[in-house]
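Ligands are counted one by one from 1 in listed order, and the atoms in each one are counted from 1 as well.
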Amino acid sequence: MSRQITVAAAQVGAVHRDAEKKDTVQRLIRLLQKAAGKEVKLVVFPECTLTTFFPRHFIESQEELDKYFEHGEDITQSQDVKPLFDEARSQGIDIVLGYAERAPDGKGWNTSVYFSATEGKVISKYRKVHLPGTKEPFADPAATNQLEKRYFTPGNIGFPAFRAPGLVPDAVKKSSVNEGDSTVGKGDPIFGMLICNDRRWPEAWRIYTLQGAELIMFGFNTGANMSHLWGSKPMPPDKAEAEALFHSKLVQQANSYMNACFSISSARCGLDDGKYGLIGGSAICSPEGHILAEAKTKEDELVVARIDLNECRQGKEKTFDYARHRRIETYGLIDKQTGVVEPDLL
Ligand code: CDT
């Protein structure tokens, strides 16, 4: 049984503060059309794809802030964004799209949705759990801020794995299974979504792969030089960017291997407003931790690979066969303690 899918990361280059959402959506549609020409069936767009990465700014104007968020219940019906979903449906391509969501109760979420072209609707939603940075801006006016804790609430959906229909021919369905048959690794593909900083937290990957996830997808906006937020000493800009890129790939490759799953990462990158640099490095990674395809630019770029989900089986059945090897009786601290508690001093 073939479990091969052609997938892509749709990396998106600079989006300036004054960019019109509908113009950015046209760029996304062009990437989708390119994907269609390469027989791609699943495209992952970045975190907060539709606008500039506004959490870097301290914004007091409610009117400006409102422009960065999507306000309706159903993003596929949003006036500016609907053409993207319509294109995905007509091309038969599933998409993951990251955007800022304003819920009816006024809460802001950093959200991703999975739109199934087969179903013609959103079949899964994820809200970013790990919000990095600070609530208040830095005193240093030269610092680049990361004010996600100001604008967003930590995700309240957890890490829900889901099956995506229509991507794998002959997927075993509930209705056709005989009692006692093993269906592991034979059904429709099992997917999970993360958003940016989540990729650095192994707990998030493990919770998805405890549900059998075979592919984890995430967009990111990672500052190329965020010396106020990481690193023990200031670095020259090119060194800081290389280090940020190194860590981005390190966590993607290591977590893909340790969780025996494929992963797709998609960057919002380039130089926003000629001033704010974001790393590129969109990549598709195998369950053995190898990069199969990666971006060569920091502009709009499609990164494509053909993946075979059956390649997850050996990791899931040998080194990382959770049922045989995990020792949950020793992992209690993981869900009882948030911060560090050191042993008593000697
Ligand atoms: N968007 C986002 O989550 N960015 C963060 C920046 C971290 S700065 C310490 C990231 O983890 O890439």
Side-chain angles (χ1 to χ4, degrees), residues 9 11-15 17 44-59 68-69 96-101 108-112 126-138 140 142-155 159 193-205 216-235 237 239-255 263-273 275-283 285 294-295 298:
Q11 176 174 284
V12 177
V15 178
R17 192 166 178 172
V44 179
F45 289 104
E47 172 190 34
C48 293
T49 315
L50 302 169
T51 67
T52 200
F53 191 62
F54 66 91
R56 68 165 71 95
H57 300 295
F58 178 65
I59 300 164
Y68 299 123
F69 283 82
V96 171
L97 182 74
Y99 63 100
E101 173 192 7
W109 310 95
N110 190 338
T111 298
S112 268
Y126 172 72
R127 288 172 171 157
K128 185 176 183 177
V129 167
H130 302 96
L131 302 175
T134 58
K135 195 160 188 177
E136 299 302 328
F138 293 115
D140 178 358
T144 301
N145 286 297
Q146 179 88 19
L147 299 171
E148 288 191 59
K149 290 184 198 298
R150 177 171 209 89
Y151 302 124
F152 301 126
T153 303
F159 302 99
M193 292 182 280
L194 296 175
I195 301 179
C196 194
N197 191 260
D198 290 321
R199 74 196 191 280
R200 306 184 195 273
W201 297 92
E203 298 89 334
W205 293 74
I216 293 183
M217 305 163 286
F218 51 92
F220 63 90
N221 284 262
T222 296
N225 192 358
M226 305 282 286
S227 57
H228 285 72
L229 284 165
W230 63 263
S232 52
K233 56 182 188 304
M235 293 179 200
K239 192 141 188 278
E241 179 161 2
E243 189 75 346
L245 192 58
F246 167 71
H247 288 142
S248 187
K249 289 189 184 168
L250 178 71
V251 293
Q252 182 173 359
Q253 291 180 252
N255 279 301
S263 61
I264 304 175
S265 65
S266 184
R268 242 310 332 284
C269 55
L271 198 61
D272 286 10
D273 297 306
K275 189 170 172 193
Y276 303 103
L278 294 163
I279 66 166
S282 305
C285 189
E294 65 185 312
K298 285 191 278 181

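At least one heavy atom of P132 sits less than 4.0 Å from an atom of ligand 1.
Taken to the nearest 0.5 Å, the OG1 atom of T134 stands 10.5 Å off from the CZ atom of F58. Between the CZ atom in R200 and the CG atom in L194 there is a gap of 12.5 Å [rounded to 0.5 Å].
Scanning the protein for heavy atoms near atom 9 (C) of ligand 1, the closest one is L229 CB, 3.6 Å. Of the protein's non-hydrogen atoms, the one nearest atom 2 (C) of ligand 1 is C196 SG, 2.8 Å. The nearest protein atom to atom 3 (O) of ligand 1, hydrogens excluded, is given as K128 NZ, 2.7 Å; this is a heavy-atom distance.
For F69 and F54, the distance between ring centers is under 6.0 angstrom.
Within the 4.0 Å heavy-atom criterion, neither part of F220 lies near ligand 1. When heavy-atom distances to ligand 1 are checked against a 4.0 Å cut-off, R200 comes that close only through its side chain, counted from C-beta outward.
Under a 4.0 Å N-O distance rule, the pair K149/E136 does not qualify as a salt bridge. Between R199 and E47 no salt bridge is recorded (no basic side-chain N to carboxylate O distance below 4.0 Å).
Atoms of ligand 1 found under 4.0 Å from any heavy atom of E148 (numbered from 1 in listed order, with element): 1 (N), 2 (C), 3 (O). Near F53, meaning under 4.0 Å from any of its heavy atoms, are these atoms of ligand 1: 1 (N).
Relative to atom 4 (N) of ligand 1, the option among T222, N197, N221, D198 with the closest non-hydrogen atom is N221.
Considering backbone and side-chain N/O atoms, W230 never comes within less than 3.5 Å of an N/O atom of ligand 1.
W230 and H247 have perpendicular rings, their planes meeting at more than 60° on a 0 to 90° scale where under 30° would count as parallel.
Between the side chains of R17 and H57, a donor-acceptor pair is found at a separation under 3.5 Å.
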